[in-house]
Undergrad: 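Got a structure here, written out as structure tokens. Questions coming.
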Amino acid sequence: MEDLSAKYLSRIADARDEAALEEIRLAAVGKKGEVSLKMRELGKMTPEERQVAGPALNALKDEINSALAAKKAALGDAALDERLRSEWLDVTLPTRPRRQGTIHPVSQATEELTAIFAEMGFSVAEGPRIDTDWYNFDALNIPGHHPARAEMDTFYMARAEGDNRPPHVLRTHTSPVQIRTMETQGAPLRIICPGGVYRADYDQTHTPMFHQVEGLAIDKDISMANLKWVLEEFFAAFFEIDGIKTRFRASHFPFTEPSAEVDIQCSWVDGQLRIGEGDGWLEVLGSGMVHPNVLRAGGIDPDQWQGFAFGMGIDRIAMLKYGIPDLRAFFDSDLRWLRHYGFAALDQPNLHAGLSR
Ligand code: PHE
């Protein structure tokens, strides 16, 4: 047994890498290893012999196993040291002049709209993309039987049998963040919530994942007029067109009353879309005065507070502003597309220097 111990301990000490170490492990304590085979012989021994050989073999096995573990850790450390020595990056170097990656139009539009709303006193709030159906529907005054649930082409998360946690969905809009923010911040409130949303839909202007920005302002005397001013101010800044015309159309959403859909002025010339001219209209968002049931669900007293909310498609306004014809390309990760439509990484949009250059 001492021979076995000496033999394997020295082989372990000499092992150069993890593969060699694994070979030694198999040869010694693997299923058909030398030590394992010896242990199997215990059955054939007399009880007296077994009393001596048993503990000795177990001790040998422990000794080899702990030598293997120690060597494995040492080899791991050495491998890490080697990687740290060979893979390094000087983060103080200037960027390369050739443009490599670019900022995606959705990120660019998000930065731009955040800068504009920040100027108007809105801060950014966020919520989870996987949310309960309570936040996504019920709290927004959309009860279980409501047709809006079907209209939204919701993706439901799979549930294991016997799982009785509340059902979860991929959020179909950013409106659940209204409720979450009311709960955590109370009134008054002035926020936007940009982020990804999901619906089972796919064509030139619809993809199963897209982006919205929710707006929510709650105070004692907020009115539709404030909503209209904020949105017109926003469109003029975002599209960089003073006096761009908007059209508010009466509409219906379960979570706002009254509700309005908003179009912006546009024209089609030679199949090309132009924003801010002509007599055509393009729908860009849904909005309205927050329904009292929604305020109540968020823990805010509707007799004291009122507010407006809107939800706008970020991909949609990015397509309009940058003249991108097909929404599906947004999610193809095609580098040629990104080089064409992307933005320089170091240009931070802000209102003083200009939003996009
Ligand atoms: N959540 C609505 C949608 O996705 C948009 C909306 C938001 C409408 C807020 C009114 C108020 O279609």
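Counting starts at 1 for both ligands and their atoms, in listed order. Every value quoted in this text rests on a predicted model; they were computed, and no experiment measured them.
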Undergrad: Check each atom of ligand 1 against the heavy atoms of Ser287 and keep those under 4.0 Å away; list them by number with element.
TA: 8 (C), 10 (C), 11 (C)
Undergrad: Quiz question: by atom type and distance under 3.5 Å, do the side chains of Glu183 and Tyr135 form a donor-acceptor pair?
TA: yes
Undergrad: Is it the side chain (CB and beyond), the backbone, both or neither of Phe255 that lies under 4.0 Å from ligand 1, heavy atoms counted?
TA: side chain
Undergrad: When rounded to the nearest 0.5 angstrom, what distance separates CG in Leu26 from NZ in Lys32?
TA: 11.0 Å
Undergrad: What do you reckon, is CD of Glu277 surrounded by more than 12 foreign heavy atoms closer than 6.0 Å?
TA: yes
Undergrad: Among all protein heavy atoms in this structure, tell me which lies nearest to atom 9 (C) of ligand 1, with the distance rounded to 0.1 Å.
TA: Glu214 OE2, 3.3 Å
Undergrad: Do Leu216 and Gln178 have side chains that get closer than 4.5 Å, going by heavy atoms?
TA: yes
Undergrad: Heavy-atom contacts with Ser175 under 4.0 Å: which atoms of ligand 1 show up? List them by number with element.
TA: 1 (N), 7 (C)
Undergrad: Taking both backbone and side-chain atoms of Thr256, is any N or O found less than 3.5 Å from an N or O belonging to ligand 1?
TA: no
Undergrad: Could an N or O of ligand 1 be found under 3.5 Å from any N or O of Gln178, whether backbone or side chain?
TA: no
Undergrad: Using distance alone, with no hydrogens and no angle criterion, decide if Arg171 and Tyr198 have a side-chain donor and acceptor under 3.5 Å apart.
TA: no
Undergrad: Measure from atom 3 (C) of ligand 1 to every heavy atom in Arg199, Glu261, Met289 and give the option owning the shortest one.
TA: Arg199
Undergrad: For ligand 1, which atoms have a heavy atom of Gln212 less than 4.0 angstrom away?
TA: 3 (C), 4 (O)
Undergrad: Hey, does Met312 sit under 4.0 Å from ligand 1 if you only count heavy atoms?
TA: no
Undergrad: Give the C-alpha distance, both sets of side-chain angles, the deciding distance and a yes or no for side chain to side chain donor-acceptor pair (under 3.5 Å) between Thr207 and Asp201.
TA: CA-CA 6 Å; Thr207 47; Asp201 210 350; over 6 Å; no
Undergrad: In the protein, what heavy atom is nearest to atom 5 (C) of ligand 1, and what distance, to one decimal place, separates them?
TA: Gly311 CA, 3.9 Å
Undergrad: Counting C-beta onward and ignoring hydrogens, is there a side-chain heavy-atom pair between Thr172 and Asp153 closer than 4.5 Å?
TA: no
